[in-house]
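Worksheet: one structure, shown below.
Values below: every heavy atom of this structure, side chains too, minus hydrogens, waters and symmetry copies. First listed ligand is number 1; within each ligand, the first listed atom is number 1.
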Amino acid sequence: MTDLNEPEAKLEALLSIINSSARQAIAEYKNTGHGVPSADATTFHPLDSATDTIALKKAIRLLEGAYHQLSAILAPPQHSVMNLQMFWTNIQKVLAVDRLAEAVNLDKTKTARILRALSLMGCFKEVERDVFANTRLSLILKSTNNAGCFAGLHAQDISKYAAVLYETPRVLAFRKVGMKGSYWDAIKDDDEKRERFHRSMLGQNEMMGGSAILHHYPWDNISSVVDVGCGIGTFSTPLARMFPHLKITDQDLPEVLLEAQGVWKKNAPEALLNGRVEFVPLNFLEGVPVTGKDVYYLRHVIHDWQDREATTILRNIRKVMGPNSRVLIHDCVLLRAVQEPGFGTDGLSTAPEPILPNFGAGAHRPYQMDITMWLVHNAKERTLDEVKILGASVGLALTQVYDLVDTMVMEFRIA
Ligand SMILES: C[S@@+](CC[C@H](N)C(=O)[O-])C[C@H]1O[C@@H](n2cnc3c(N)ncnc32)[C@H](O)[C@@H]1O
């Protein structure tokens with residue numbers, strides 16, 4: 001058996017993971033019947049818009065984990081540290097590109113410098129000196145795309161908060177840049193900001209592959225779903241379209257529900273017409289959701305809150321649950337980098353050696369979201385054990401975990 005403590009054996013193992021995971025990803029593309037995307041494709045591949053890409057994402061998580069580890073071992077540390085420094089500035093480059101459409105009088109050579117730097121990573125292609133074409137990667141950044149909207153939000157707001165964190169790590173970055181109250185207070189009366197935020201939630205869902213839960217949870221055996229903190233119905237609108245038997249309740253702050261109704265009218269008018277969806281305003285810190293439904297679903301809600309508020313939200317839901325009700329908490333879950341006695345894996349995947357057990361750089365999206373939650377809400381992503389403790393504190397027990405790679409859906413029932 002190979003001894004992975006041997007430096008060279010470790011390199012060989014990483015190379016072999018890179019090879020097998022890349023081949024797995026290639027097979028996923030080929031399975032669609034449309035072949036693999038080319039490096040400078042100018043249109044999207046059909047798999048780019050699929051709602052269930054778990055197999056592809058699993059392969060990419062291994063690929064990213066292995067190649068980052070391999071290059072960190074082989075590159076001089078002075079080289080790798082530069083990549084770390086680019087962590088936030090990368091996002092700022094996206095900002096420049098996003099604004100490019102409006103900024104017609106941006107200096108031409110400076111514009112070209114930005115595009116050229118981005119093209120190193122496959123975002124734009126320099127077809128001749130100073131002439132750039134879109135690629136599949138630059139197209140997704142257009143502000144008209146939901147993912148582009150999410151990237152824009154990060155570039156414009158989150159990177160500002162990151163700079164504050166750098167200056168004064170002990171403050172809540174969001175407040176330090178002059179914002180009052182909570183993030184939700186700040187966007188409450190600003191229609192444009194709210195619209196941008198909720199569109200970026202659509203983008204986040206596309207980027208993190210959260211819609212896979214539409215394919216993997218047994219929705220056929222469920223009658224009623226409450227989308228708690230539904231936003232504009234990012235989850236519940238496609239759910240209603242895929243499962244016409246479901247009765248759905250959308251609950252969020254009143255101003256958000258008004259927006260949600262407009263989106264439903266456009267995207268799922270049939271559900272409105274036949275009365276399958278109701279809109280019930282809720283402040284989940286102060287009141288309880290509608291009573292006795294089968295599923296209470298919270299996507300990217302619990303991670304917005306510290307433990308005290310998260311517990312209040314769950315306790316309010318627990319009060320109205322019937323004996324067969326379940327709570328589905330859908331968030332990123334932080335896998336542990338070291339195995340610790342007393343903490344099992346709860347059936348969660350761990351990466352093959354020598355990749356770090358939490359997939360290393362392959363898990364950077366959940367870890368990046370964790371930092372974002374800190375910057376914006378002074379909140380966090382959690383480990384599975386931390387979510388279990390939250391549930392147990394209000395009498396809920398974990399019954400099932402659906403691993404969607406970047407996010408997980410954790411099902412809880414009354415303990
Ligand atoms: C990160 S967004 C997630 C939206 C949606 N679940 C999704 O996946 O796109 C969090 C949601 O919580 C809502 N929210 C914040 N504070 C709330 C409160 N006190 N009561 C009810 N909803 C609240 C926000 O309006 C927002 O729609």
Side-chain angles (χ1 to χ4, degrees), residues 51 146-147 149-150 153-154 157-158 174 181-191 193-214 217 225-240 248-264 267 277 279-290 295-306 308-317 320 327-332 366 369-370 372-382 404 406-410:
T51 51
N146 297 323
C149 190
F150 179 88
L153 185 80
H154 273 67
D157 294 345
I158 315 289
F174 169 76
S182 71
Y183 185 79
W184 312 114
D185 296 330
I187 62 172
K188 183 174 187 297
D189 298 317
D190 188 329
D191 291 351
K193 270 207 169 134
R194 235 186 20 254
E195 204 251 310
R196 188 162 141 259
F197 171 79
H198 288 295
R199 269 207 42 229
S200 79
M201 283 300 97
L202 282 164
Q204 176 176 342
N205 180 48
E206 288 169 17
M207 291 158 106
M208 305 292 264
S211 294
I213 197 57
L214 294 168
Y217 195 74
V225 179
V226 187
D227 191 358
V228 183
C230 60
I232 54 173
T234 317
F235 162 71
S236 39
T237 321
L239 180 75
I248 292 173
T249 310
D250 265 12
Q251 300 210 260
D252 205 300
L253 299 167
E255 64 277 6
V256 180
L257 278 193
L258 280 179
E259 224 167 297
Q261 287 177 57
V263 175
W264 276 85
N267 295 341
V277 54
F279 301 89
V280 184
L282 170 71
N283 181 335
F284 49 46
L285 298 174
E286 293 172 0
V288 294
V290 292
V295 166
Y296 293 85
Y297 176 85
L298 303 117
R299 186 168 70 194
H300 302 314
V301 168
I302 293 301
H303 76 168
D304 292 339
W305 302 95
Q306 294 188 21
R308 199 177 48 163
E309 285 82 11
T311 308
T312 302
I313 296 167
L314 292 175
R315 185 174 295 113
N316 280 335
I317 295 175
V320 294
V327 178
L328 301 185
I329 298 178
H330 189 167
D331 263 326
C332 296
M369 282 303 290
D370 179 50
T372 300
M373 289 307 109
W374 174 13
L375 295 172
V376 182
H377 302 293
N378 205 16
K380 59 182 178 182
E381 301 295 351
R382 293 173 170 84
L404 311 179
D406 282 339
T407 63
M408 294 193 195
V409 176
M410 294 153 276

Any donor-acceptor pair under 3.5 Å from D331 side chain to H303 backbone: yes
Please state which part of M201 comes within less than 4.0 Å of ligand 1, counting heavy atoms only: side chain, backbone, both or neither. side chain
With heavy-atom distances below 4.0 Å as the criterion, list the atoms of ligand 1 near F197. 1 (C), 2 (S)
Consider every N or O of N283 and every N or O of ligand 1, then say whether any pair is closer than 3.5 Å. yes
Sidechain N-carboxylate O distance under 4.0 Å for D185, K188: no
Checking heavy atoms under 4.0 Å, the part of H198 that sits near ligand 1 is side chain
How far is atom 25 (O) of ligand 1 from its nearest protein heavy atom, and which residue and atom is that? D252 OD1, 2.7 Å
Can you tell me if Q306 uses its side chain to pair, donor with acceptor, with the backbone of N378 under 3.5 Å? yes
Between E259 and H198: side-chain donor-acceptor atoms closer than 3.5 Å: no
Check: D406 and M369 side chains under 4.5 Å, non-hydrogen atoms: no
For a quick check under 3.5 Å, do D250 and W264 share a side-chain donor-acceptor pair by atom type? yes
What atoms of ligand 1 come within less than 4.0 Å of a heavy atom belonging to H300? 1 (C), 2 (S), 3 (C), 10 (C)
Gap between atom CD1 of I313 and atom CZ of F284 - 0.5 Å precision: 4.0 Å
Is the closest N or O pair between D227 and ligand 1 shorter than 3.5 Å? no
Given 3.5 Å as the limit, does a donor-acceptor pair link the side chain of Q251 with the main chain of V290, or not? yes
Ligand 1 N/O within reach of G229 N/O, cut-off under 3.5 Å: yes
Donor on one side chain, acceptor on other, H330 and Y297, under 3.5 Å: yes
So for ligand 1, is D304 a polar contact partner (N or O within less than 3.5 Å, distance only)? no
What are the atoms of ligand 1, with element, lying closer than 4.0 Å to any heavy atom of V256? 25 (O)
Within the structure provided, determine whether H377 and W184 are in side-chain contact (heavy-atom separation under 4.5 Å). yes
Heavy-atom donor-acceptor pair, Y296 side chain to I329 backbone, under 3.5 Å: no
Starting from atom 9 (O) of ligand 1, locate the nearest protein heavy atom and write down its residue, its atom name and how far away it is, to 0.1 Å. T234 OG1, 3.2 Å
Using a plain distance cutoff, I'd like to know if F284 has any nitrogen or oxygen under 3.5 Å from a nitrogen or oxygen of ligand 1. yes
among protein heavy atoms, the one nearest atom 8 (O) of ligand 1 is R299 NE, 2.9 Å
So for W305, does at least one of its heavy atoms come nearer than 4.0 angstrom to any atom of ligand 1? yes
Identify, by atom number and element, the atoms of ligand 1 in contact range of L282, meaning under 4.0 Å from any of its heavy atoms. 20 (N), 21 (C)
Does W184 approach ligand 1 within less than 4.0 angstrom via side chain, backbone, both or neither, non-hydrogen atoms only? side chain
Does Y297 approach ligand 1 within less than 4.0 angstrom via side chain, backbone, both or neither, non-hydrogen atoms only? neither
